[in-house]
Amino acid sequence: MLTLRGRGPRRGKALSNLGIIKNGALLVRKGLIAAAGTRSEIESLLESRNAEAIDLGGRVVLPGFVDSHTHLIHAASRAEEYELKIAGASYEEIARKGGGILSSVKKLRATTSEALRKRALGALREFGAYGTTTLEAKSGYGLDVASELKILGLHRELNREQPLEIISTFLGAHVVPAEYRGKAGGAAAYVRLLTETLIPEVSRAGLAEFCDVFCDHGAFTREQSKIILNAGKTNGLAPRVHAEQLTHSGATQLGVQLGAASCDHLEQINKTDIRALSKSNTVATLLPGCDFHLGLAKYAPARALIDAGAIVALATDYNPGTSPTLSMPMILSLACSQLRMSPAETIAAATINGAYALRREKRVGSLEVGKQADLAVFDVDDYREISYYFGVNTCWMTMKKGQIIYQKESQKARSAVARTVEIPYDEEEKGSRTSVR
Ligand code: NIG
Ligand code: FE
């Protein structure tokens, strides 16, 4: 059992400290961890006598993944662009021709809430099947008042109707939408729409916790990003930022100055940025799925960040343009082979440090008394095999707040657990939805 116990976020050498307990066990009460220790310690507790026992058969148990960067709500894939990219077109070239984010915006605006909800529900089921129990979700494919509020409203609804916890981020500043382009002052007018109308409205309705900006060439400048993030702060939305993904924009320095929860991507960061991050509490969230999918050679300098003492997290960046995956285990594999992170480091970056990036470290991200019983069970002998088997899902069971939300199909027949515990998703497939308590 990898507990990831300890104080504060993991930096430097501490990133590979997993707090392993051999023959571990947990006592769960009302969805929270009431005790954690060795199996004999837990079994000797008085309260354990009346508890339902779930034997995980010696498999590897860890805190459920905390995926701190996703663009959950989108209408469709961009497989057509994928082919263009393989043939040599760059992400920016495609975007300039009206593809890219703007193409996803067009698709989303033409899609009903119900269709978006269905697609997201399917994705959330998959996130759970790969061991994720908490995820962040960004708006940003609506880019007008009604569509952005529609996406954020869906985050709220989805939180009620399925077991994974969704933390909502407002990303109205993804790019300048088509209707504001091609005229003088268009971008400035859109920034005013964000700061004067949308951000106050999102805050009033309590629809997001964070405000994000895509600060890059072709999106928003450092100056515009500062205005938008400050408006978010004034309205109680904590900043986070898409920083130094395609070009060096200065977004990392800005994020650190504003006390951002995280700076994400960081492929193009320099030594000064690394130093700034390492001296701050801003999490450096790395998204190697983007570079893999786009076929880019330059990954973020994870080793330099870790060695300098920055708080490094890993996330999928699940989105149709740069990272169409919801598999945290695949991200861990990429982090090992491309970012040269050790298997242990990838697990800490995907659990406790992800929780820290979402300011949820007191509730999730480690298996400790008082925290939610959110866990992922992997059908492996050694935790290093989670990233070692790439593109293969070795997740065997996922639990959210003490409820089993996923169990591997082929194992059901021989498992005593499946017979005694409700699996809400399967019920839903049969047409009678059960909510998780
Ligand atoms: O995180 N960089 C900006 N946003 C996304 C890509 C969005 C898209 O291409 O649809 C990202 O990579
Ligand atoms: Fe992103």
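We use all heavy atoms of the structure for the numbers below, so side chains are in, but hydrogens, waters and symmetry mates are not. This structure is a prediction, so every number in the text was calculated from the model and none was measured. This chain uses plain numbering: 1 for the first residue, then up along the sequence. In listed order, ligands and their atoms are each counted from 1.
Formation of a donor-acceptor pair under 3.5 Å by the Ser323 side chain with backbone atoms of Asn319 is not found in this model. Ser262 contributes no side-chain N or O that, together with a main-chain N or O of Asp264, makes up a donor-acceptor pair within less than 3.5 Å.
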**Message:** Could you walk me through whether Glu209 and Ser168 satisfy the side chain to side chain donor-acceptor pair (under 3.5 Å) test, starting with their C-alpha distance in whole Å, then the side-chain angles of each, then the deciding distance to 0.1 Å, before giving a yes or no?
**Reply:** CA-CA 6 Å; Glu209 208 169 305; Ser168 183; over 6 Å; no
**Prompt:** Can Val202 and Leu152 be said to form a side-chain contact (heavy atoms from CB on, under 4.5 Å), step by step?
**Reply:** CA-CA 8 Å; Val202 167; Leu152 296 171; 3.6 Å; yes
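Protein heavy atom at the shortest distance from atom 6 (C) of ligand 1 is Tyr91 OH, 3.4 Å. With respect to atom 4 (N) of ligand 1, the closest heavy atom belonging to the protein is His174 NE2, 2.9 Å. Protein heavy atom at the shortest distance from atom 2 (N) of ligand 1 is Gln245 OE1, 2.7 Å. Nearest protein heavy-atom contact of atom 11 (C) of ligand 1 is Asp317 OD2, 3.1 Å. Among protein heavy atoms, atom 10 (O) of ligand 1 sits closest to Tyr141 OH, 2.6 Å.
Closest non-hydrogen pair, Leu339 versus Pro288, comes out as CD1-CG, 4.0 Å.
His242 and His174 have tilted rings, their planes meeting at an angle from 30° to 60° on a 0 to 90° scale.
Only the side chain of Arg78 comes within 4.0 Å of ligand 1, judged by heavy-atom distances.
Numbered from 1 in the order shown, with element, the atoms of ligand 1 that lie under 4.0 Å from a heavy atom of Ile101 read 7 (C), 8 (C), 9 (O), 10 (O). Every atom of ligand 1 is numbered from 1 in the order shown, and the set under 4.0 Å from a heavy atom of His69 is 1 (O). Counting the atoms of ligand 1 from 1 in the order shown, those under 4.0 Å from a heavy atom of Thr322 are 6 (C), 9 (O), 11 (C), 12 (O). Listed by number with element, the atoms of ligand 1 under 4.0 Å from a non-hydrogen atom of Gly321 are 8 (C), 9 (O), 10 (O).
With rounding to the nearest 0.5 angstrom, the CD atom of Glu244 is 3.5 Å from the OG1 atom of Thr252. Here the CZ-CD distance, from Phe214 to Gln224, works out to 13.0 Å after rounding to the nearest 0.5 Å.
When distances to the Fe ion (ligand 2) are checked against a cut-off of 2.8 Å, His71 contributes an N, O or S atom below that limit. The Fe ion (ligand 2) has no N, O or S atom of Cys290 closer than 2.8 Å.
Residue His71 places a heavy atom under 4.0 Å from ligand 1.
Salt-bridge annotation for Lys138 and Glu136: present, with a side-chain N of the basic residue lying under 4.0 Å from a carboxylate O of the acidic one.
The Fe ion (ligand 2) lies closest to atom OD1 when only the N/O/S atoms of Asp317 are considered. Nearest to the Fe ion (ligand 2), among the N, O or S atoms that His69 has, is NE2.
Counting heavy atoms from C-beta on, the side chains of Thr285 and Leu314 never come closer than 4.5 Å.
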